[in-house]
Amino acid sequence: MLTGTHRVKVGFAEMLKGGVIMDVTTPEQAKIAEDAGAVAVMALERVPADIRKEGGVARMADPEIILRIMDAVTIPVMAKVRIGHFAEAQTLEELGVDFIDESEVLTPADEEFHINKFDFKVPFVCGARDLGEALRRIGEGAALIRTKGEAGTGNVVEAVRHMRRIQSQIRKIVMLREDELMTEAKNLGAPYDLVKYVHENGKLPVPNFAAGGIATPQDAALMMQLGAESVFVGSGIFKSSDPDRMAKAIVEAVAYYDNPKVLVRVSRGLGEAMKGIDVTKLKEDELLQTRGW
Amino acid sequence: MRVGILSLQGDVDLHEKAIKRFHKDVEVMRVKSKEELEKAEMLILPGGESPTMSKLIKRYELKDALLKKIKEDKVPTLATCAGIVLLSKMEEPDGRVEPLEALDVVIMRNGFGRQRESFEDKVTVKFDDKEAIITGVFIRAPRIKKIGDKARPIAFLKDEVTGVLEENILALSFHPELADDTDIIYEKLFSMVG
């Protein structure tokens, strides 16, 4: 019997496709997410919008909060660790968390190195803004990639930018001659064998989800049509005026992302989405997406 | 041959790949509505999160159409992981999943534990005419707790039953689409085509 194999990790990520992973901070919110049809919840102390507002060092959540959320629901529970903080990751693995997000939303613990994710039996998801970053994270053992977007803004523009960039870089690699792949790998800062995989398969070797600023059913459907295979919704649900309805609406928008009739039906009278922030008004040091190397 | 994969959520891509690897000439349809379901000549219920699928089946009123396709039209049906959960009876019904109860099996969701306990191991598959040892990939897998008279055990993890055959339904708690040595499953599925 083998546990923690590449196949078991990436296979689990495959099971989450076509779904919505929702940020929650309490067992009650986790129940709302599960009842709405979320495929997983991300257990946090504060949603990204509040992390942004309150400042200070953002760390792994208190294990007590995570355990209470794990007790409240039967769907998978994910939790975040700081970039490079493998002791936080060891703690989450011991807790039995189903997926670990090595996340730029928390304050980085290491400004040079990420966690060696092969050391763990629990799979990892990491953020990426471009193909090179995605392949570096996969090279370190990530079983799932998500766009970074700009978390806590309720503004989908950065997630769109990152998803389009990754998809267009994939298309370019498919078109290259085989003798051009090594230089492309050098330019991307990505492992050669993974660049070769992309050349041969026209996709990442792990699923590719969207995150960072998704706040409405239409945002979710947009990301799915741009090539995302699932979406993470952070502040967008519990910062909206009617979280229960918003959660259900986004679940249906992801399942039926190519059906505008469904988008109309789930959006009618949905109430207000989270207020949101104009990303261009953020100062360079307020951006979360630049964290990660 | 039109193979419908229930595509409300889950590992639809891998099922499509596995089916096409085994049989190049099939047409794969992603099924999300009653109209699409009606056209399917074979049905696959993939892995994923059964509570999510169950809620969408309810909200989009697919239950009766699924039952008709499986129990009346009797199209060959492959159910894996969340798929077997949707078809069986729940050992501890908690409202999270409203199963179709199309299969004479009692199931416990996540019966092998959380993702940390997910595993791969050798599974013996036995049909009347054929037997093989294949790779069973179990991901937060359901556990078969009881098997009624109508269902016949066909897959075994040591002594534990991990798959059953009941008329036109081949239901497994693991993922044949995640391994490449699982042809015996697909041979059986296509042998049931009338």
Side-chain angles (χ1 to χ4, degrees), chain A residues 1-21 31 33-40 70 73-78 92-100 120-123 143 201 203 207 229-230 247-248 251-252 254-259 261-262 265-266, chain B residues 5-15 17 30 32-33 46-60 80-82 85 90 92 94-97 108-110 112-123 135-141 157-158 174-175 177-180:
Chain A
M1 180 186 290
L2 297 168
T3 57
T5 61
H6 180 73
R7 176 152 56 190
V8 164
K9 289 176 175 177
V10 179
F12 180 36
E14 295 279 348
M15 299 308 146
L16 300 173
K17 279 186 178 177
V20 185
I21 300 136
K31 280 294 297 170
E34 185 179 52
D35 290 343
V39 290
M70 286 165 64
V73 294
T74 61
I75 55 176
V77 175
M78 305 187 176
L92 292 188
E93 180 168 64
E94 182 60 31
L95 277 176
V97 160
D98 295 292
F99 230 109
I100 298 175
F120 293 81
K121 285 193 186 295
V122 171
N201 295 278
K203 60 189 273 302
E229 295 172 308
S230 275
K248 285 187 178 130
V251 166
E252 292 182 40
V254 167
Y256 293 89
Y257 64 88
D258 50 359
N259 185 341
K261 286 192 177 67
V262 171
R265 191 172 54 70
V266 300
Chain B
I5 307 179
L6 187 66
S7 302
L8 300 172
Q9 191 273 317
D11 75 327
V12 177
D13 294 341
L14 291 180
H15 271 291
K17 207 170 150 192
R30 300 199 168 205
K32 296 184 193 181
S33 68
E49 280 306 310
S50 53
T52 303
M53 294 181 199
S54 183
K55 284 169 183 98
L56 290 170
I57 287 172
K58 194 171 178 187
R59 279 181 226 161
Y60 287 81
T80 65
C81 195
V85 174
M90 306 289 288
E92 295 167 9
D94 60 7
R96 289 177 165 106
V97 177
M108 182 189 182
R109 285 183 58 223
N110 306 331
F112 291 94
R114 305 189 74 96
Q115 174 60 15
R116 194 175 52 186
E117 285 80 46
S118 292
F119 63 96
E120 48 186 280
D121 205 344
K122 293 293 163 203
V123 167
T135 307
V137 185
F138 294 79
I139 295 180
R140 288 173 48 94
L157 174 72
K158 297 191 178 71
F174 56 96
H175 294 281
E177 75 282 9
L178 277 174
D180 50 17

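So that the names make sense, note that chain A is the first sequence line, chain B the second, and so on, each numbered from 1. Quick caveat, the model's predicted, so the values are computed rather than measured.
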note = Heavy-atom closest pair (A:Leu16 atom, B:Gln9 atom, distance to 0.1 Å) is C-NE2, 3.5 Å
note = Value for CD (B:Glu120) from OG1 (A:Thr5), rounded to nearest 0.5 Å, stands at 3.5 Å
request  = For atom NZ of B:Lys58, decide whether the heavy atoms of other residues, nucleotides or ligands shown that lie under 6.0 angstrom number more than 12.
outcome  = no
remark   = Of the listed B:Gly48, B:Ser54, B:Ser7, the one with the largest count of heavy-atom pairs under 4.5 Å with chain A is B:Gly48
remark   = Ranked by heavy-atom pairs below 4.5 Å to chain B, first place among A:Glu93, A:Glu229, A:Arg7 goes to A:Arg7
note = In terms of heavy-atom pairs under 4.5 Å with chain B, the winner among A:Pro123, A:Ser230, A:Gly37 is A:Gly37
inquiry  = I need the minimum non-hydrogen distance between A:Phe12 and B:Ile139, along with the two atoms involved.
reply    = N-CD1, 3.5 Å
remark   = Note: vs chain B, highest number of non-hydrogen pairs under 4.5 angstrom among A:Lys248, A:Met1, A:Lys121 is A:Met1
task = Could you walk me through whether A:Val251 and B:Lys55 pass side chain to side chain contact (heavy atoms under 4.5 Å, CB included), step by step?
result = CA-CA 10 Å; A:Val251 166; B:Lys55 284 169 183 98; over 6 Å; no
note = In short, A:Val262 meets B:Tyr60 closest at the heavy-atom pair CG1-OH, 3.3 Å
query = Contact part of B:Glu117 toward chain A, heavy-atom cut-off under 4.5 Å: side chain, backbone, both or neither?
reply = backbone
ask   = Looking only at heavy atoms, which two atoms of A:Glu14 and B:Leu14 are closest? And how far apart?
value = CG-CD1, 3.6 Å
ask   = Taking side chain as C-beta onward, heavy atoms only, is A:Met70 less than 4.5 Å from B:Arg114?
value = yes
inquiry  = What I'd like to find out is whether the side chain of B:Lys32 reaches to under 4.5 Å of the side chain of A:Tyr256, using heavy atoms alone.
reply    = yes
task = Sort A:Lys203 into side chain, backbone, both or neither according to what part of it lies under 4.5 angstrom from a heavy atom of chain B.
result = neither
request  = Determine, step by step, whether B:Arg140 and A:Met15 satisfy the side chain to side chain contact (heavy atoms under 4.5 Å, CB included) criterion, reporting the C-alpha distance in whole Å, the side-chain angles of both residues, the deciding distance to 0.1 Å, and the verdict.
outcome  = CA-CA 10 Å; B:Arg140 288 173 48 94; A:Met15 299 308 146; over 6 Å; no
request  = Go through A:Gly96, A:Gly4, A:Ala13 and name the one with the most non-hydrogen pairs under 4.5 angstrom from chain B.
outcome  = A:Gly96
query = With only heavy atoms counted, which part of B:Ala179 is less than 4.5 Å from chain A, the side chain, the backbone, both or neither?
reply = both
remark   = So, the part of A:Val20 with a heavy atom under 4.5 Å from chain B: the answer is neither
message = Give me the atom names and distance for the closest heavy-atom approach of B:Arg116 to A:Thr3.
response = O-CB, 4.1 Å
query = What part of B:Ser50 is in contact with chain A, defined as an atom under 4.5 angstrom from a non-hydrogen atom: side chain, backbone, both or neither?
reply = neither
query = What's the verdict on side chain to side chain contact (heavy atoms under 4.5 Å, CB included) for B:Leu56 and A:Glu252, showing C-alpha distance, side-chain angles and the deciding distance?
reply = CA-CA 8 Å; B:Leu56 290 170; A:Glu252 292 182 40; 3.9 Å; yes
query = Which atoms of B:Arg96 come close to chain A, meaning under 4.5 Å heavy atom to heavy atom: side chain ones, backbone ones, both, or neither?
reply = side chain
ask   = Between B:Arg59 and A:Val266, does a side chain to side chain contact (heavy atoms under 4.5 Å, CB included) hold up when you go through it step by step?
value = CA-CA 12 Å; B:Arg59 279 181 226 161; A:Val266 300; over 6 Å; no
message = Heavy-atom pairs under 4.5 Å with chain A - which of B:Asn110, B:Asp94, B:Thr52 has more of them than the others?
response = B:Thr52
query = A:Ile75 and B:Arg109: which non-hydrogen atoms are nearest, and at how many Å?
reply = N-NH2, 4.5 Å
